[in-house]
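Reviewing the structure listed below.
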Amino acid sequence: MKKKLLSAFVVGTICFSSFLPLTQASCTLIGATGSATVDKSAYMASTSDNPYIEGPRKPVLVTIPDNGYKYVSTPCFVKEKDGSFTNVGADRGMNETGFSWTRSWVVPNEVEDINKTDAVKWFEKLASTVSSVDEAINFVETTPKGIGCQGNYIFSDAKGNVAIVEVGFKTVTVAQKWNNNDNGYGARANRYETNSMKKIDISDKESAIYYNSSEYRYNEAMKLLKADDGKISPDILKQIVSNRNMNADDSKPHSDSISNHGSISGTVSAEVYDPSHKIFWYTYGWPDGNVENASEKQYGANVNSWGTWIPFDLNKLNEPGFYTDWNGNITPLGVKYLSSLLNK
């Protein structure tokens with residue numbers, strides 16, 4: 001598989017800035033641990049659903065800070081009209097301790113914190129300083145939040161802990177929290193699910209196309225998790241996030257499907273997290289890999305969908321930089337990394 005990737009992709013580059021626009025996105029999140037999984041370890045998965053043309057799209061970046069944990073993440077880059085790219089924050093990833101995070105967009109009827117932290121720096125701090133689910137919960141509760149920090153989160157760590165946390169600009173609700181002695185699994189899409197947070201959720205007005213597909217995506221994810229209770233593994237989670245509803249109306253801007261082929265916005269990449277082994281799995285474009293009849297004019301770089309997964313192993317990621325680019329190409333650093341896997 002890796003040899004095929006090395007020969008199939010054209011090397012690319014990416015540039016970025018730290019300006020933060022108001023960018024809405026859609027995602028489906030999944031987490032499981034304890035007796036729900038095949039080995040009682042914690043696992044997570046997520047789709048990254050965004051507009052095809054302007055994005056954001058999410059290349060794979062390895063960061064090695066001077067002070068803090070090494071981490072692999074997929075920062076959100078929006079493509080501007082002049083062809084430049086704007087970084088709006090790395091809202092999914094894993095650090096060298098195994099701590100993992102992922103987020104979906106929800107709009108709360110709350111005012112941003114006056115002392116808010118820029119979303120790019122907010123996620124950099126989360127990634128480089130947090131090593132457990134409990135620390136992550138404390139982080140989102142105490143770190144001032146603005147646009148890009150709010151939404152649904154799933155956190156997991158190497159000790160088998162998983163939490164679903166619904167985050168507003170002011171209000172934070174820990175919806176569910178499990179350890180590896182529990183039978184824990186859950187999902188989120190682009191709406192709050194707890195009664196307390198539903199009261200402040202205005203996504204149906206401010207982010208309607210993603211809110212409207214949340215009913216299907218949340219329920220379908222929960223149904224698939226229930227069907228695999230006791231067997232959930234990285235391979236099972238890859239199957240779940242690759243699940244395409246063939247009865248969905250793909251003429252809708254964002255359709256009723258986990259692997260989403262909506263007409264304007266859909267799945268542009270997906271992730272599976274294995275915290276105990278410190279492996280971050282990534283695939284570009286539609287995870288089901290079906291690009292039949294997909295035009296670049298409508299679907300942009302999703303015509304480059306991989307249909308396969310690459311393991312980014314934090315035990316072996318020793319050089320900082322981009323390993324993939326905005327269009328799904330493998331960069332020179334990514335080629336070097338994949339070559340090292342093939343040679344062992």
Side-chain angles (χ1 to χ4, degrees), residues 25-38 41-50 91-92 100-106 151-156 162-167 173 175-178 182-194 197-198 201 203 207 209-250 252 254-262 265-275 281-283 286-290 309:
S26 171
C27 308
T28 305
L29 317 180
I30 300 167
T33 191
S35 61
T37 71
V38 69
S41 296
Y43 298 110
M44 301 190 330
S46 49
T47 65
S48 296
D49 293 12
N50 298 310
D91 64 355
R92 57 248 297 125
S100 303
W101 71 97
T102 188
R103 180 190 74 116
S104 63
W105 184 274
V106 186
N152 287 320
Y153 285 81
I154 300 185
F155 299 125
S156 62
V162 173
I164 298 177
V165 186
E166 299 183 346
V167 178
T173 296
Q176 293 164 301
K177 183 181 172 186
W178 306 284
D182 297 319
N183 179 262
Y185 62 84
R188 284 297 184 273
N190 297 94
R191 64 183 190 186
Y192 295 131
E193 297 295 338
T194 60
M197 296 298 284
K198 284 179 180 180
D201 191 344
S203 304
S207 187
I209 69 168
Y210 302 127
Y211 180 90
N212 292 341
S213 66
S214 290
E215 176 78 14
Y216 175 88
R217 290 182 289 119
Y218 169 73
N219 287 317
E220 183 69 6
M222 290 299 296
K223 182 185 79 173
L224 294 172
L225 285 168
K226 184 177 181 180
D228 287 311
D229 187 2
K231 301 177 292 183
I232 296 169
S233 66
D235 285 344
I236 291 293
L237 292 180
K238 290 172 193 175
Q239 292 174 23
I240 292 176
V241 295
S242 300
N243 184 276
R244 182 180 179 186
N245 177 12
M246 300 307 295
N247 295 317
D249 180 1
D250 289 335
K252 293 170 61 176
H254 191 258
S255 61
D256 292 341
S257 185
I258 295 175
S259 183
N260 205 288
H261 289 246
S265 180
T267 304
V268 299
S269 55
E271 313 80 29
V272 170
Y273 313 71
D274 181 350
W281 292 88
Y282 175 86
T283 190
W286 291 303
D288 60 78
N290 187 347
W309 295 78

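One-based numbering along the sequence shown. The analysis underlying the following values was restricted to heavy atoms, covering all of them including side chains, and did not include hydrogens, waters or symmetry mates.
- Between atom CD1 of residue Ile236 and atom NZ of residue Lys231 there is a gap of 6.5 Å, rounded to the nearest 0.5 Å.
- Listed by chain and residue number, Ser251 satisfy the side chain to side chain donor-acceptor pair (under 3.5 Å) test with Asp249 (two or more places apart in sequence, or in another chain).
- Atom CZ of residue Arg103 and atom CZ of residue Phe155 lie 10.5 Å apart, to the nearest 0.5 angstrom.
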#### Entry: Intermediate values then yes/no, side-chain contact (heavy atoms from CB on, under 4.5 Å), Leu237 and Ile232
CA-CA 7 Å; Leu237 292 180; Ile232 296 169; 3.9 Å; yes
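- Using a 4.5 Å heavy-atom cutoff, the side chains of Tyr43 and Pro234 are in contact.
- Between the side chain of Asn152 and the backbone N or O of Arg191, at least one donor-acceptor pair lies under 3.5 Å.
- Nearest heavy-atom pair across Thr194 and Ala175 is CG2-CB, 3.5 Å.
- Between the side chain of Glu193 and the backbone N or O of Arg188 there is no donor-acceptor pair closer than 3.5 Å.
- One finds the CG atom of Leu29 at 9.0 Å from the CZ atom of Arg217 (value rounded to the nearest 0.5 Å).
- In terms of heavy atoms, Val241 sits closest to Ala45 at CG1-CB, 3.7 Å.
- For Trp286, the ring pair (Phe, Tyr, Trp, His ring centres under 6.0 Å) partners at least two apart in sequence or on another chain are Tyr52, His261, Tyr299.
- Contact of the Trp281 side chain with the Glu271 side chain is not registered, since no non-hydrogen atoms from C-beta on lie closer than 4.5 Å.
- The minimum heavy-atom distance linking Cys27 with Thr47 is given by the pair CB-O, 3.0 Å.
- Annotation: Lys177, atom NZ; neighbour count of heavy atoms from other residues, nucleotides and ligands within 6.0 Å does not exceed 12.
- In plain terms, the two heavy atoms of Pro275 and Ser100 that are nearest each other are CG-OG, 3.9 Å.
- Remark: Ile209 CD1 to Ser203 OG distance equals 12.0 Å, nearest 0.5 Å.
- In terms of heavy-atom proximity, Tyr216 sits nearest to Ile258 at CE2-N, 4.5 Å.
- Side-chain contact of Ser265 with Tyr210: a donor-acceptor pair under 3.5 Å is present, judged by distance alone.
- Salt-bridge annotation for Lys238 and Asp235: present, with a side-chain N of the basic residue lying under 4.0 Å from a carboxylate O of the acidic one.
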### Task
Please report the C-alpha distance between Asn190 and Tyr211 in whole Å, then the side-chain angles of each, then the deciding distance to 0.1 Å, and finally whether the side-chain contact (heavy atoms from CB on, under 4.5 Å) criterion is met.
CA-CA 5 Å; Asn190 297 94; Tyr211 180 90; 5.7 Å; no
### Worked verdict on Thr267 versus Asp49 for side chain to side chain donor-acceptor pair (under 3.5 Å)
CA-CA 4 Å; Thr267 304; Asp49 293 12; 2.8 Å; yes
### Query
Could you walk me through whether Thr37 and Tyr185 pass the side chain to side chain donor-acceptor pair (under 3.5 Å) check?
CA-CA 9 Å; Thr37 71; Tyr185 62 84; over 6 Å; no
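- One finds the CG atom of Asp288 at 7.5 Å from the OG atom of Ser257 (value rounded to the nearest 0.5 Å).
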### Task
Evaluate the criterion side-chain contact (heavy atoms from CB on, under 4.5 Å) for residue pair Ser259 and Asn243; output intermediate values, then yes/no.
CA-CA 5 Å; Ser259 183; Asn243 184 276; 5.9 Å; no
### Message
Applying side-chain contact (heavy atoms from CB on, under 4.5 Å) to Arg244 and Asn290, what does each step give before you reach the verdict?
### Response
CA-CA 10 Å; Arg244 182 180 179 186; Asn290 187 347; 3.3 Å; yes
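- Taking each heavy atom of Ile154 and Gly186 in turn, the nearest pair found is CD1-O, 4.3 Å.
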Counting only pairs under 3.5 Å, give me each side-chain donor-acceptor contact of residues 219-229, with atom names and distances, residues two or more places apart or in other chains.
unit_1: Asn219; atom_1: ND2; unit_2: Glu215; atom_2: O; d: 2.9
unit_1: Asn219; atom_1: ND2; unit_2: Glu215; atom_2: OE2; d: 3.1
unit_1: Glu220; atom_1: OE1; unit_2: Lys223; atom_2: NZ; d: 3.2
unit_1: Asp229; atom_1: OD1; unit_2: Asn183; atom_2: ND2; d: 2.9

